[in-house]
There are 4 protein chains.
Amino acid sequence: MKEEKILSSVKDQQLIKVRREQIIKGAIKLFKEKGFHKTTTREIASESGFSIGTLYEYIRTKEDVLFLVCDSIHEQVRERIAQEIDLESPSVPNMMKAIRSYFYLMDEMQDEIVILYQEVKSLKKESRKHVLNSERDMVGIIENVINTCLEGKLSAQKVSLLANNIVVQGHMWGFRRWIMQKQFTLEAYMDEQLKMIEHAIK
Amino acid sequence: MKEEKILSSVKDQQLIKVRREQIIKGAIKLFKEKGFHKTTTREIASESGFSIGTLYEYIRTKEDVLFLVCDSIHEQVRERIAQEIDLESPSVPNMMKAIRSYFYLMDEMQDEIVILYQEVKSLKKESRKHVLNSERDMVGIIENVINTCLEGKLSAQKVSLLANNIVVQGHMWGFRRWIMQKQFTLEAYMDEQLKMIEHAIK
Amino acid sequence: MKEEKILSSVKDQQLIKVRREQIIKGAIKLFKEKGFHKTTTREIASESGFSIGTLYEYIRTKEDVLFLVCDSIHEQVRERIAQEIDLESPSVPNMMKAIRSYFYLMDEMQDEIVILYQEVKSLKKESRKHVLNSERDMVGIIENVINTCLEGKLSAQKVSLLANNIVVQGHMWGFRRWIMQKQFTLEAYMDEQLKMIEHAIK
Amino acid sequence: MKEEKILSSVKDQQLIKVRREQIIKGAIKLFKEKGFHKTTTREIASESGFSIGTLYEYIRTKEDVLFLVCDSIHEQVRERIAQEIDLESPSVPNMMKAIRSYFYLMDEMQDEIVILYQEVKSLKKESRKHVLNSERDMVGIIENVINTCLEGKLSAQKVSLLANNIVVQGHMWGFRRWIMQKQFTLEAYMDEQLKMIEHAIK
DNA sequence: GATGAATGAGACTTCATTCAT
DNA sequence: CATGAATGAAGTCTCATTCAT
């Protein structure tokens, strides 16, 4: 975890956690509405429920907020995936179920995913690297599911590509909602994508 | 075309065109490097080769520049596609060739695509709509290719989804370069994606 | 003494003294390094070994710290002078010895003197007056030495001027160290200044 | 000259000169009253007769203003000295006349000298060095006068010390005005200091 | 008495935009 | 048409001070 690397002048670790959660929640709400750049630190503070001075007791720069947000989004995804994608036993149908769960999750987290897509570039190198690593982990999880269920029937490259495709298909439901969600219901979208995936792994 | 809707205080239409091309070229260079928000109008002016005052003779607001850029990127894609994706005759191999051409194009225009992904949300409603329409057109072109080559073997929904997948796979080569281009050469990436597509349309 | 005029919410006078000494010690260290304005009250508190809240139990405003520091510096000078400049008997050689002692002292207290020169103006009228009075006392002590040793050979004005010159020559060794200490050793500096003084009183 | 090293986004060099003179004049007035730290950039702008935005077209940071001010003060001193201290012929009386001129000048520029004493430390290394070099030049000028008039009767060290003493005596009339100007008229101060100097060089 | 989290006024600086030349 | 100096709203961040625990 990298979050601890963000310095705070407050000592109470528990309090830091609570306050940062407030910050993240407030910031995500604002970033969804207007993006990182058009959101002011004052707005973040007030949306978080405290003063600008207090905000800066828990972060160092505005960019820290963005990092906190990006990191938290990945954290949420990770948690949810861990609890929802449980492969009772390795099999193609279970793999499909897992992917379906992932798609449901991405549907719920559309706005958060859009934030990642649009704002990660505003992080500075170090933080961006960290966030991209989390993203890489996501792909890794999907790769695992595939490998487990297909028992090595596909080459490593194919698995990697397939995993990336799945991940991005989950994202595109959200970041291309203006086109996808005009033409598909979530169920139809998932059904069709899953059919194609089934073709691909045969 | 929507570009004309951007007002200019200059009368000479030819000059407007020339100047705006300078602006677009300069702005794209800067947006690639630092993004829209971190680029100043002064920088755009100077990169374009004239003064800040002159810049404002050809645009009304900074956002106009973004619109000009987004529109121009789509314009470029459209042009290139028109000249490169020519289906001599409708057939699956020719469809594959066309998709391959599209992937090559997306490889060349990576940075521009990333700009679209990251900055479109900064456009205001009206302009955003216009840009998203261009994007829709892109999908339409791919759909056409598919329909022509597969002669209606797939349902409209399937075609639409496939087209969107292809379009996004072209994009992801660029906007996920930090993971894709570490694991694949462009050729390998295209080969594998095309194989999957072939499976999907069988 | 004026220090008592600085209000404290703490009752225990002994404790006040101890804490204030901590404050002064910490603050002097910081003021030497970065000056009064660039030092924060938090830094003063932590350098003093306690919390910001505690700091404010013993002072009212940041300026109080500056006053405490200025006053304490003069206090130190006074003490040291009292114990080091003892004129066994009034004579020109003893006067020279006394001045030499004063120069040694000023060498040791260079940084403190620089603080006085640079920050006194940040005190508000009342406090500044008090500090300048201490400075006046310093001159008085030197005048006394001169008068005692020269037995009224010089006019009051001459004595006053000489005393001020001596005082400032002690200071300039420190506040113009970037030029004086590049060209003179302390010994050479004192020797030459003393020679000139001898000429002047002949 | 170092002033050119301060960047300005304005191109017209003549205008830069004019505006900076306004800035310097306004800033000196304010620094005299409240010191550098307690003066805000907005006050400087408005005292200079333009907006905060315009101020920042001619400087980069607030510290630049301080540097401009310090440099300008030395510049003024240098100019005035050049035109007032003209040694018709080298002789002790002419040397005394020159020193007297210097004292008059320091009387007129008291407040400026006080600014130098109190704020130079707020400059960052590079600028501070430059300013101290100007100060060194001042000493050099006085040394020259002495050497010319005394034709090498004194050792280099003695000359240097004497010059520094004279320079500082000029300053102390201003920065210790609260004690000196209570006891001396300017004339008396100069007379007495000059007498002592005469003794010292005999 | 000690602590330290909370506050918010206010400081510095940037930058999109205008307009006189 | 082109220029670039001027503007000032607005943004980020700091820090002296307070007060509940």
Side-chain angles (χ1 to χ4, degrees), chain A residues 8-12 15-16 19 37-46 49-65, chain B residues 8-12 15-16 19 37-46 49-65, chain C residues 8-12 15-16 19 37-46 49-65, chain D residues 8-12 15-16 19 37-46 49-65:
Chain A
S8 164
S9 48
V10 172
K11 295 179 175 175
D12 182 340
L15 188 56
I16 292 182
R19 290 279 177 270
H37 282 102
K38 289 202 184 147
T39 300
T40 69
T41 50
R42 270 184 164 79
E43 287 170 320
I44 296 172
S46 106
F50 34 67
S51 71
I52 182 70
T54 300
L55 175 66
Y56 275 90
E57 294 281 310
Y58 296 93
I59 55 157
R60 279 273 249 270
T61 67
K62 189 186 174 193
E63 209 221 272
D64 282 351
V65 177
Chain B
S8 164
S9 49
V10 174
K11 308 288 169 202
D12 181 340
L15 187 54
I16 292 182
R19 290 278 179 269
H37 283 102
K38 288 200 184 152
T39 300
T40 68
T41 50
R42 275 163 146 100
E43 286 171 318
I44 295 170
S46 113
F50 35 69
S51 72
I52 183 69
T54 302
L55 176 67
Y56 273 87
E57 296 283 317
Y58 297 94
I59 55 158
R60 276 283 237 280
T61 68
K62 189 187 174 192
E63 209 223 271
D64 283 351
V65 176
Chain C
S8 165
S9 49
V10 174
K11 308 288 169 201
D12 182 340
L15 187 54
I16 293 183
R19 290 278 178 268
H37 282 101
K38 289 198 184 152
T39 300
T40 67
T41 51
R42 275 164 147 99
E43 288 171 316
I44 295 171
S46 110
F50 36 69
S51 71
I52 183 69
T54 302
L55 177 67
Y56 273 87
E57 297 283 318
Y58 296 94
I59 56 157
R60 276 281 238 279
T61 68
K62 190 187 174 191
E63 209 222 273
D64 282 352
V65 176
Chain D
S8 164
S9 47
V10 171
K11 295 178 176 176
D12 182 338
L15 188 55
I16 292 181
R19 289 280 177 269
H37 283 102
K38 289 201 183 149
T39 301
T40 69
T41 50
R42 270 186 161 75
E43 287 170 320
I44 295 171
S46 106
F50 34 67
S51 71
I52 185 70
T54 300
L55 175 66
Y56 275 89
E57 294 281 309
Y58 297 93
I59 55 157
R60 279 272 248 270
T61 67
K62 190 186 175 193
E63 210 222 271
D64 282 351
V65 176

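This structure is a prediction, so every number in the text was calculated from the model and none was measured. Per chain, numbering begins at 1; letters A, B, ... match sequence-line order.
A straight line from NE2 of C:His37 to P of F:dT14 spans 18 Å, rounded to a whole angstrom. In this structure, C:Leu55 places its CG atom 11 Å from P of E:dT3, rounding to the nearest Å. Atoms CZ (B:Arg19) and P (F:dC1) sit 10 Å apart, rounded to a whole Å. Rounded to an integer number of Å, the gap from OH of A:Tyr58 to P of F:dC13 is 18 Å. One can place CG of D:Asp64 at 13 Å from C1' of E:dC12, the figure rounded to the nearest angstrom. For B:Glu43 and F:dG4, the CD to P distance is 17 Å, given to the nearest whole Å. For the pair A:Phe50 CZ and E:dA5 C1', the computed distance is 11 Å after rounding to whole Å. In this structure, the CG atom of A:Leu15 is 18 Å from the P atom of E:dT3, given to the nearest Å.
Sorted by first and then second residue, the salt bridge (Lys or Arg N to Asp or Glu O under 4.0 Å) pairs with a member in residues 50-61 of chain B form an empty list; sequence neighbours excluded.
Partners of D:Ser46 according to the side-chain hydrogen bond (donor to acceptor under 3.5 Å, both in side chains) rule, which considers only residues two or more places apart in sequence or in another chain, do not exist here. By the side-chain hydrogen bond (donor to acceptor under 3.5 Å, both in side chains) test, C:Thr61 is found to be paired with no residue, residues two or more places apart in sequence or in another chain being considered. Scored by the side-chain hydrogen bond (donor to acceptor under 3.5 Å, both in side chains) test, A:Thr54 finds A:Ser51 as partners (sequence neighbours excluded).
Within the 4.0 angstrom heavy-atom criterion, no nucleotide atom of any strand lies near C:Ser46. Within 4.0 Å of D:Ser9, counting heavy atoms only, lie sugar-phosphate atoms of the nucleic acid but no base atom. Nucleic acid contact for C:Ser8: none, since no nucleic acid atom lies under 4.0 Å from a heavy atom of the residue.
Between C:Thr39 and A:Thr39, the residue whose closest nucleotide on DNA chain F is further toward the 5' end is A:Thr39.
To the nearest 0.5 Å, atoms CZ (C:Phe50) and OH (C:Tyr58) are separated by 7.5 Å.
Between D:Thr40 and E:dA11 there is no side-chain N or O to OP1 or OP2 distance below 4.0 Å.
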Please enumerate all protein N or O atoms sitting under 3.5 Å from an N or O of nucleotides 17-19 of chain E, with distances to 0.1 Å.
unit_1 : atom_1 : unit_2  : atom_2 : d
E:dT17 : OP2    : B:Tyr56 : OH     : 2.7
E:dT17 : OP2    : B:Lys62 : N      : 2.7

TODO: Toss me the dot-bracket line for DNA chain E: Watson-Crick and G-U wobble, both under 3.5 Å, 5' to 3', using | for pairs to another strand and [ ] for crossers.
DONE: .||||||||||||||||||||
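Residue B:Ser51 has its side chain nearest to F:dT3 when only E:dT7, E:dT3, F:dT3 are considered.
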